[in-house]
Amino acid sequence: MIPLSYFLILSIILFVLGTIAFFIKKDLITMFMAVEIMLNAANLAFITFARSANSLDGQVIVFFIITVAAAEAVVGLAIILLIFRQKKTIKSEDLTLMKG
Amino acid sequence: MGHFLFFLLAIICVGSVLGMIISKNQAYNALLLVLAFASLGGLFGLLDAPFIATVQIIIYAGAIMVLFIFVIMMINLRLGLPPEKKKWTLYFSLGVAVVLIVELILSVKGAFSLFENSSMEKIGGPTDLGRLLFTKYLYPFEITSILIIAALVGAIVLVKKKEKE
């Protein structure tokens, strides 16, 4: 049996990599993908704890997270498409509308 | 066998996320992310969550990433992305990453002892999960359907508005 702590450590690594990708990447789509990676790292942690507690509640919460992530991806990608139509760019550096 | 599968899937997953950080091409990024999500699905299977593993592969690696690839094709940046000039984000993100990793490990350390005496009996598959969804989590389940309708209508309204003008 694989120790459950390995899964938790993998979840931490994935979350941190997602954070790094979010800061380093400059185009909105890849930044959005980094958010999805962080969500998946959280899912992995939830399932690990569900396994250790022998309870299905964690899996139900992961089910809800996946559903919310799908809804979030639809709206987010629509917004990115709208930004591209109006500004002709999806680089976060060029979007300075709210810069003081 | 279990250890071998775990390390194989973990290496594929972390490797494809690292490749996503390094690569500049958005289409390759999306395909690497499909690989990462599929291997995460395998890891969920290793944790005795067969239904979530299937959902992960169908919805994440299938539906959501296909949506990403569609949008990448619609946007089609011919020029590609020019190299980044500012380097401060790299150092900033590495600093944030170090702080975050220390914090997460400290907060998770207490859970490791919890794992050692956890019983390893089989927990349920789709049947038990479905029963739980329609009894204990009935209201969240119904609210999720409203959320999906709202997201659907919202996305259509957002994209449609431009075409009328």
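Per chain, numbering begins at 1; letters A, B, ... match sequence-line order. Computation of the quantities below employed the complete heavy-atom set of this structure, encompassing side-chain atoms and omitting hydrogens, waters and symmetry-equivalent molecules.
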Please classify the contact between [X] and chain B as side chain, backbone, both or neither, with a heavy-atom cut-off of under 4.5 Å.
| X | value |
| --- | --- |
| Ile29(A) | both |
| Ile13(A) | side chain |
| Tyr6(A) | both |
| Ile47(A) | both |
| Leu44(A) | both |
| Glu36(A) | both |
| Leu39(A) | side chain |
| Ala45(A) | neither |
| Thr48(A) | both |

Which region of [X], side chain (C-beta onward) or backbone (N, CA, C, O), has a non-hydrogen atom less than 4.5 Å from a non-hydrogen atom of chain A, or is it both or neither?
| X | value |
| --- | --- |
| Ser145(B) | neither |
| Leu43(B) | both |
| Ala63(B) | neither |
| Leu47(B) | both |

>> side-chain contact (heavy atoms from CB on, under 4.5 Å) for Lys136(B) and Asp57(A)? Distances and angles first, verdict last.
In response: CA-CA 9 Å; Lys136(B) 190 176 170 190; Asp57(A) 293 333; 3.2 Å; yes
In terms of heavy-atom pairs under 4.5 Å with chain A, which of [options] leads?
| options | result |
| --- | --- |
| Thr144(B), Leu104(B), Ile52(B), Ile64(B) | Ile52(B) |
| Leu133(B), Val96(B), Val55(B), Ile148(B) | Leu133(B) |
| Leu147(B), Leu5(B), Leu152(B), Leu94(B) | Leu147(B) |
| Phe141(B), Phe7(B), Phe37(B), Phe92(B) | Phe37(B) |

> Crowded around Phe32(A) CZ? As in, over 12 foreign heavy atoms under 6.0 Å?
Replying inline: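 Atom CZ in Phe32(A) is packed in, count exceeds 12.
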> Can any side-chain N or O of Ser23(B) pair as donor or acceptor with the backbone N or O of Met20(B) at less than 3.5 Å?
Replying inline: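 Judged by distance alone, no pair lies under 3.5 Å.
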>> Between Phe63(A) and Tyr137(B) (judged by ring centroids, cut-off 6.0 Å), do the two rings come close enough to count as a pair?
In response: no
